[in-house]
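Reminder, nothing fancy here: chain letters follow the sequence lines and each chain counts from 1.
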Protein chains: 2
Amino acid sequence: MTRSEENYIKTIFHLGGNKSVPVTTNAIAEQMETKPSSVTDMARKLGDKGLVHYKKYQGVFLSEKGIKTALGIIRKHRLWETFLVQKLDFSWDEVHEVAEQLEHIKSEKLIDELDAFLGFPKYDPHGDPIPTRDGEFHEQEKEKKLLSDLPVGIKGICAGVKDSSASFLQYLDKHGIAIGQSIHILGKEEFDNSLYLRIGEREHTVSHLIADNIYLIRE
Amino acid sequence: MTRSEENYIKTIFHLGGNKSVPVTTNAIAEQMETKPSSVTDMARKLGDKGLVHYKKYQGVFLSEKGIKTALGIIRKHRLWETFLVQKLDFSWDEVHEVAEQLEHIKSEKLIDELDAFLGFPKYDPHGDPIPTRDGEFHEQEKEKKLLSDLPVGIKGICAGVKDSSASFLQYLDKHGIAIGQSIHILGKEEFDNSLYLRIGEREHTVSHLIADNIYLIRE
DNA sequence: ATATTTTTTTAGGGATGTCTAAAAGGGTTG
DNA sequence: CAACCCTTTTAGACATCCCTAAAAAAATAT
C-alpha cells in the first residue's frame, strides 16, 4: 500500500464510507484538498485492489478489506497521538500533523510494542477510541455527551472533542481544558446559552459554540 | 527534501563522501541496490540543489549543506534506534528497517522531544555517536572496526585496511574487495574463525588473518 | 420533458524516480 | 598508441500521483 492509497482509505472511512453508504467523489476531493479527477483515478485503483466498491458515477464505499485497512491506520494514528502527548509533551493541537506522518510507518511489531509501552490505552488524547489490533473499537463505557446538552449542576470529566481544528485545540489548551479534566457546570446564561464552568480549580465562561464541541462523561 | 534525496545523501555520507573525497557512482548504486544511471540522475539533481559537488565522471562528495543534512538524518536514525531498543524492547538487529522509515519523519520538535525523553543519549545501541541538533558528533571518529571483531549478520562498508602490503592489496583486488565495497557477514566457521561473506554480488570465504586486516564501517 | 447546472469521468500532460540499452569517457596493457 | 574493458552518462521509457480542460452523465429547474 502506498502512502497515498492509505490516505484515501482513511478519508473514505472518516467520511462514513464504511457502512455500504457511498461517499461522493467531490466530498473526498474537498476533504483531501485535491481535485475530483485525481479521486476518480484513485477510486478505480482502489477498486481494482478490492479495497473499495466503486461504480462509475456512484461514489465509493469500503470493502471488508478496506475497513480492516482503515482501522489499522486509525489505530496507528491514535496510538502515535497518545505517545506524543503522554511521553513527548506535545499539546493537542501539535500532534495531528506529526501523527499523519507516523501513521504510515510499516511495522506490526512497532505498533504493538508502542501499544504495550503506552499501557494499552483505550482512548487517544481527543477521547476517540483506539481500535485493537484485531480491528475492534473499545466500547465507550459511559455515554459521552456534548457539554451543551447537559443541564446545570452536572459534574463530569472531559472526554473528547467534536471539532479538532488546530484553532479549537489551541483554545482548549490556553484555557486548561484537557482530556480527563474535571468540569462542573455552574450555570447557564439564558440570553446566549453561554456556560459558567469550574474547570479544575478555576472558573470560566464559555460560549455555546465552545460547549457544543466538548464531550463530557458524567461521573 | 524528498525521501529519496535523503537516502542518497545518507549513503554518500556513509561511503565517506564527507571529506572532499568523491564517492563513485557505482559504489552508490551498489550500496543502494539501484542502477548507476539512477545515481547519475540524482547526482545532478543534488548538485543543482547545492547538496553535493558533482562533476561528470568524477563522482560526488557532500557540500557543507549536504553534510549538515546528512548529520540531521543520522541523528534521527540513531535516536529512533535508541528509542526502539530502550523503550520498545526491539533487539539490535530488528531496529534498522524501522529506523530507516522513522528517520524521514519531518518535525524538529518531535526529534528534540524524543532526544529529551531518552535523556540526551550520546551513543545509539550499536555504540555509534548521535549527532547533536547542531550537527556535532559527541565523538568525532566514525566507527571503523576490524572485520574479525564484528558479529555475524553485520552489513557494512569496507573502509580501509590494517595491512597495506602489496601482496595483501593484490589479494583484495583479486577478490573484488575495495574501499566503499559493501560486505555482509553471512556466517563464521567456529573451527578456524574464517568468515563467510557476501561481497557485492558474490560470496566468499576469508580466513581470520584476512578478516583481521580489513576495516568495516557499519551502515 | 427539456434546458440548465452540477458532478464525475476521460484525455492528455507534468514531476519524480526508477529502469534498460546504447553511447561516451577513462584506464590498462600489450 | 591502440585495443580492450570497465565505468559513467545519455536517451528513451514506464509507473505513480497529481493537474487542467473538455466531454459525458446525473441532478435540478423551468
Side-chain angles (χ1 to χ4, degrees), chain A residues 1-12 15-17 21-49 51-61 73 100-101 104 106, chain B residues 1-12 15-17 21-49 51-61 69 73 100-101 104 106 158 166 169-170 172-182 199-202:
Chain A
M1 284 222 78
T2 68
R3 175 162 306 222
S4 189
E5 286 168 359
E6 289 189 349
N7 282 330
Y8 274 93
I9 291 290
K10 191 180 60 159
T11 299
I12 293 164
L15 289 175
V21 179
V23 177
T24 67
T25 301
N26 263 7
I28 297 167
E30 191 177 324
Q31 178 69 22
M32 297 189 68
E33 296 182 317
T34 182
K35 302 294 166 186
S37 55
S38 304
V39 176
T40 299
D41 286 351
M42 186 57 84
R44 183 176 301 113
K45 191 175 160 196
L46 294 176
D48 291 347
K49 290 197 175 190
L51 290 158
V52 303
H53 297 285
Y54 170 59
K55 276 190 194 144
K56 288 203 315 193
Y57 298 104
Q58 309 205 163
V60 294
F61 60 92
I73 300 164
E100 291 269 278
Q101 297 182 62
H104 298 293
K106 278 157 192 62
Chain B
M1 284 225 76
T2 67
R3 176 162 305 224
S4 190
E5 285 168 359
E6 289 189 349
N7 282 330
Y8 274 94
I9 292 291
K10 193 181 58 159
T11 299
I12 293 164
L15 289 175
V21 179
V23 177
T24 67
T25 301
N26 263 8
I28 297 168
E30 188 177 327
Q31 177 66 23
M32 297 189 68
E33 296 182 317
T34 183
K35 302 294 165 185
S37 54
S38 306
V39 176
T40 299
D41 286 350
M42 185 58 85
R44 183 174 301 114
K45 190 175 163 196
L46 294 175
D48 291 347
K49 291 197 173 191
L51 290 158
V52 303
H53 297 286
Y54 169 60
K55 275 189 195 144
K56 288 201 317 194
Y57 297 104
Q58 307 203 166
V60 294
F61 60 91
T69 305
I73 301 164
E100 291 269 279
Q101 299 181 62
H104 298 294
K106 278 158 192 63
C158 178
L169 295 179
Q170 276 162 21
L172 297 178
D173 213 53
K174 203 161 69 185
H175 291 78
I177 302 172
I179 298 288
Q181 180 71 54
S182 95
I199 299 170
E201 297 296 298
R202 292 189 181 172

(request) Determine, step by step, whether A/V39 and A/Y8 satisfy the side-chain contact (heavy atoms from CB on, under 4.5 Å) criterion, reporting the C-alpha distance in whole Å, the side-chain angles of both residues, the deciding distance to 0.1 Å, and the verdict. (result) CA-CA 8 Å; A/V39 176; A/Y8 274 93; 4.1 Å; yes

(request) Could you check which residues of residues 2-10 of chain A get a heavy atom under 4.0 Å from DNA chain D? Sort them by number, please. (result)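 A/T2, A/S4, A/Y8 - these, ordered by number, are the residues of the stretch whose heavy atoms sit under 4.0 Å from the strand.
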
Selection from [options] that lies nearest to any side-chain heavy atom of [X]:
X     : options               : result
A/S37 : D/dT7, C/dA11, D/dT9  : C/dA11
A/T40 : C/dT20, D/dC19, C/dT9 : C/dT9
B/Y57 : D/dC19, C/dT9, D/dT9  : D/dT9

Short side-chain N/O contact from [X] to OP1 or OP2 of [N], under 4.0 Å:
X     : N      : answer
B/K56 : D/dT7  : no
A/N26 : C/dT6  : no
B/Y54 : D/dT8  : no
B/S38 : C/dC19 : yes

(request) Identify, between B/K35 and B/M42, the residue whose nearest nucleotide on DNA chain C lies closer to the 5' end. (result)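 So the residue in question is B/M42.
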
Minimum heavy-atom separation for [X] to [Y], with atom names?
X      : Y     : answer
A/A43  : A/V52 : O-CG2, 3.9 Å
A/S4   : A/M42 : OG-CE, 3.5 Å
A/Y54  : A/V60 : CD1-CG1, 3.4 Å
B/Q101 : B/R3  : O-NH1, 4.3 Å

Starting from [atom2] on [N], measure out to [atom1] on [X] and report it in whole angstrom.
X     : N      : atom1 : atom2 : result
B/Q58 : D/dT9  : CD    : C1'   : 13 Å
A/D48 : D/dT16 : CG    : C1'   : 14 Å
B/M1  : C/dT16 : CE    : C1'   : 13 Å
A/R44 : D/dC18 : CZ    : C1'   : 15 Å
A/E30 : C/dT8  : CD    : C1'   : 15 Å
A/D41 : C/dA11 : CG    : C1'   : 11 Å

(request) Looking at every strand, decide which applies to A/T25 at a 4.0 Å heavy-atom threshold: base, sugar-phosphate, or nothing. (result)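 Touches sugar-phosphate only.
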
(request) Kindly compute the distance separating CD1 (B/I28) from CG (B/L15), expressed to the nearest 0.5 Å. (result)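 Rounded to the nearest 0.5 Å, the CD1-CG separation comes out at 6.5 Å.
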
(request) Enter the distance from A/E100:CD to A/K10:NZ here, rounded to the nearest 0.5 Å. (result)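 If I round to the nearest 0.5 Å, the distance is 3.5 Å.
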
